[in-house]
4 protein chains.
Amino acid sequence: MSQGVKMRVKIGVELEYRLAQPGPVLLMLEAAGAGGQDLRSTAIDFGRVEHLARVPGEEGIGERIILRAADHIRCRYDAEVAISRGCPDLAGLAADQVDEMPGDALRYLLSSRYCQAERFVSFATQRFGDLEGGAKVQAIRDWVEQRLDYVPGVSTASTTAADTFLERRGVCRDYAHLMIALCRAAQIPARIASVYAPPVEPPDFHAVVEVYLQGGWHLVDPTGMARADQMALIAVGRDATDVAFMTTMTAAEMVSQEVRVTAG
Amino acid sequence: MSQGVKMRVKIGVELEYRLAQPGPVLLMLEAAGAGGQDLRSTAIDFGRVEHLARVPGEEGIGERIILRAADHIRCRYDAEVAISRGCPDLAGLAADQVDEMPGDALRYLLSSRYCQAERFVSFATQRFGDLEGGAKVQAIRDWVEQRLDYVPGVSTASTTAADTFLERRGVCRDYAHLMIALCRAAQIPARIASVYAPPVEPPDFHAVVEVYLQGGWHLVDPTGMARADQMALIAVGRDATDVAFMTTMTAAEMVSQEVRVTAG
Amino acid sequence: MSQGVKMRVKIGVELEYRLAQPGPVLLMLEAAGAGGQDLRSTAIDFGRVEHLARVPGEEGIGERIILRAADHIRCRYDAEVAISRGCPDLAGLAADQVDEMPGDALRYLLSSRYCQAERFVSFATQRFGDLEGGAKVQAIRDWVEQRLDYVPGVSTASTTAADTFLERRGVCRDYAHLMIALCRAAQIPARIASVYAPPVEPPDFHAVVEVYLQGGWHLVDPTGMARADQMALIAVGRDATDVAFMTTMTAAEMVSQEVRVTAG
Amino acid sequence: MSQGVKMRVKIGVELEYRLAQPGPVLLMLEAAGAGGQDLRSTAIDFGRVEHLARVPGEEGIGERIILRAADHIRCRYDAEVAISRGCPDLAGLAADQVDEMPGDALRYLLSSRYCQAERFVSFATQRFGDLEGGAKVQAIRDWVEQRLDYVPGVSTASTTAADTFLERRGVCRDYAHLMIALCRAAQIPARIASVYAPPVEPPDFHAVVEVYLQGGWHLVDPTGMARADQMALIAVGRDATDVAFMTTMTAAEMVSQEVRVTAG
């Protein structure tokens, strides 16, 4: 393995969906060419589509693909990504002053659909008010992992951080939303990141958190499944809306979907 | 009046807030140097503050000011803006294909906290499905104006487009959120814009809608109070979260607030 | 068929559920001995249970069965019910004055979990304000049937009348909640009723509405599937919470469930 | 003071409201003739009204008054109540088996609009799962009092127990709803009670909780302001909807309201 490469991640995705009616489909599933990772190979094939376009993802990370399709979309994606980022020791990182943050960090202090930060201020102060910076982030992460049960099928596309805080269970996206809401309530910018990570079992699109500490963004997984040096980053955003691997404007029915992620 | 200038807008804002505890305050209240308007004069004064910074607003429109203050913030802002943009004939504008939109438009098709577009798809199809492009936008705008009653004090910071759709009343921000949700549900990018506009009575920060038609953004007021050539644009964003004139991280109590907006 | 009997309804239910842990189970699935219907035969068998009790249903209509079970519940229920009630001509019935209603009607003017009547007042006035009494109820019923699409699987146990009003689709319970909320908003007492009705296809527990007009309660089906003279009433209540055929305190997994309802 | 009387409570209420349009008004503000308290004197005067009726409150406790008024309602109520009930030692009371409860208790295990018990099951099990019966109720009460801040003005008529659980603040009604939701989630019947209690400062209608333990209902105040032997009970119900001191069908504006409650 070349110097600085912590892990190679091999990704294979095959998916097929049937559309209720013709219309555009947004896809966001390719590993990004971004800080801390290099694309060693990448190939994506959609079969026959009427039209295909690409636009940059949020913060210029990754790309969103827009397909116009008649009634089906099929996609096969294969890539290999070399990860060189390390794992941050969160507890040792300092928080930035809000008035010294760049606009691209400041934006991630604001509430968003699934992460209504202002509703969490009282609780965050009660529970984590004595801690500072990275130590506070670490405590929030640990609290989320300990208090939630990982239960597929109980949360839906409308489940928010407030719901998860109450119901104490969910999947990776719910863990991420709750940690993000708590960090923002504590004045620490936090955003969602979609990644591929070999330890995630069964392999699937995985949602984690990026927090802004000491002038930079750091990947953290509140489910505890993966470390930052095991993650191939796809996209970032305010919450799940921005990083959905597929967004359709009309009803879409899954025909098949397979995701393979291995450490190479 | 120089050629092409439709209106001069004179703005005066004085506000004072008391903070429950020291902390950062985000302000977004200066008219932007943006398409269709020129700043003829601008002056802003905050008295004594601990620290002040500026970051660009969403889409690079306007600026967000970040203050660090001990217990009070005071702000006096005076400006004169020359508006040269015209009023679009919405009904004559065509909608763009989703797969031909730039990323900066595509983003405003997605749901956001106050504008949960996907929940409106059935209704938007039932009611406006026979129309296309700008004619559909015009029909949505008219429907919102006709169905809602302008009633101050009934909506709160948590009122969403879904709430307003049911309760049929609200203020400018609620009108804007409902129109945005309906446009997005109809695959037309829409975002919120905060403006100063002389016809708004009593003078105040005013929220309107920008829709993306025929390759550009067009200002529309679902309350019917102001025309595009009467608006001095401050900021744009996904919904009210992005364009709030003031965001504090802790409780803030208004001491005084005065907004004057006149056509000069 | 004896005089006055409009229809005989034969009911057969078999269900088996697995409980995640031992605990009480509430069941409400027997046709009630209530106005407008007579039980010709009834038999219910639970196999072996630890304990079984019965308490009256809301308003003294029907009975709630409470089982204590170790890990499984099995139930077989067979009955024959003779329906003698007629079908009201709603439009010809007068509304009662609120201050002349008995307490048992007044209660059903208040908002409940799934039927937040006060939020519907503006819309109900806008849309149905010109009508009175039974004619208003008929118009509300027709509006609900016309505006909603019957789509299984899109609503959940947390879907309210407000959600259904926006999303324009759902199942019988959602139709009932929306009609109830609108009637209450118009000062007409309305409650949910669970029934068996032969025309419902596929056969299942069915939720309809009872409205209070001209001194009495009248069954109406906003889905248009069944008439009042085809309904074997099980229970009534404020909304779905009160008439659920099964309520468990812990997770329960369906092993099998079959409902047969035929006109005899 | 006669034997067994713990406290005499003198109550004086004067209120005046202006109605936006003629319509019925429901009032529930007289101390009930109920277990543990005796009415020593009572007088109520409404001035001139078009019509007045009374119906029993929920569970036959207290009475609901229905007025038909043109544009104003005025009410003057004076009473003296002798309280003979004692203060339960909650921790020493046993919980009843669900399958041995009467229907009037069982009803208060179900979720209601402001107390969505089933959403609290995971948390209640995590936090209070090791406790039983009255000791569990006592721990829930203490947790609610300790975790919430009493802050007037932050909650509204739509604030639920789920909201309060997150936002950690509210008034008596919010404390009551949260305690009720947690008790029901732990299979202990709980309902709201409206009372007058001298220690409440400033004097006002006060909301507390009744829990069903060891075959009977017991008054508890999660705000810690009042003891059971200091409460003059007005009404009980599933949640705030059932015990509101005033319910109007159209907008009502307060002209004046004064509540005096003293220990005599």
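Chain A is the first sequence line, chain B the second, and so forth, proteins listed ahead of strands; every chain is numbered from 1.
- If you tally non-hydrogen atom pairs under 4.5 Å between each of Gly237(A), Ser112(A), Ala53(A), Ala244(A) and chain B, the highest count goes to Ser112(A).
- Contact count versus chain B (heavy atoms, under 4.5 Å) is highest, among Leu106(A), Thr160(A), Val121(A), for Leu106(A).
- Of the two parts of Glu50(B), neither the backbone nor the side chain holds a non-hydrogen atom closer than 4.5 Å to a non-hydrogen atom of chain A.
- Using a 4.5 Å cut-off between heavy atoms, Leu109(B) touches chain A through its side chain atoms alone.
- In this structure, His218(A) contributes its side chain and Tyr212(A) its backbone to no donor-acceptor pair below 3.5 Å.
- Of all the listed residues (Asp99(A), Val55(A), Asp104(A), Leu110(A)), the one sharing the greatest number of non-hydrogen pairs under 4.5 Å with chain B is Asp99(A).
- A salt bridge links Asp242(B) with Arg238(A): the closest approach of a Lys/Arg side-chain nitrogen to an acidic carboxylate oxygen falls below 4.0 angstrom.
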Inset, instruction - Take Glu16(A) and Gln257(A) through the side-chain contact (heavy atoms from CB on, under 4.5 Å) test and state the conclusion after the steps. - result: CA-CA 6 Å; Glu16(A) 180 179 354; Gln257(A) 181 169 313; over 6 Å; no
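- Phe128(B) places none of its side-chain heavy atoms less than 4.5 Å from the side chain of Cys183(B).
- For Leu26(A), the part lying under 4.5 angstrom from a heavy atom of chain B is the side chain only.
- When the heavy atoms of residues 58-74 of chain A are compared with those of chain B, the residues falling under 4.5 Å are Glu58(A), Arg64(A), Ile66(A), Arg68(A), listed by number.
- Between chain B and the residues Pro24(A), Ala117(A), Ala185(A), the most heavy-atom pairs under 4.5 angstrom are made by Pro24(A).
- Interatomic distance, Leu93(B) CG to Gln138(B) CD, rounded to the nearest 0.5 Å: 10.0 Å.
- With sequence neighbours excluded, the residues forming a ring-ring contact (aromatic ring centres under 6.0 Å, His included) with Phe123(A) are Trp143(A), Phe165(A), listed by chain and number.
- For Arg107(B), the part lying under 4.5 angstrom from a heavy atom of chain A is the side chain only.
- The candidate with the highest count of non-hydrogen atom pairs below 4.5 Å against chain B, out of Pro56(A), Gly23(A), Ala157(A), Gly103(A), is Gly103(A).
- Ion pair Arg113(B)/Glu118(A) flagged as a salt bridge, since at least one NZ, NE, NH1 or NH2 atom sits closer than 4.0 Å to an Asp/Glu carboxylate oxygen.
- Judged by distance alone, with hydrogens and angles left aside, the side-chain atoms of His177(A) form no donor-acceptor pair with the main-chain N or O of Asp239(A) at under 3.5 Å.
- Put simply, the side chain of Tyr175(B) never gets that close to the backbone of Ala207(B): no donor and acceptor are under 3.5 Å apart.
- Heavy-atom distances place the side chain of Thr247(A), and not its backbone, under 4.5 Å from chain B.
- Closest non-hydrogen pair, Asp174(B) versus Ser155(B), comes out as OD2-OG, 2.5 Å.
- Looking at heavy atoms from C-beta onward, Ile140(B) lies out of side-chain contact with Val137(B) at the 4.5 angstrom threshold.
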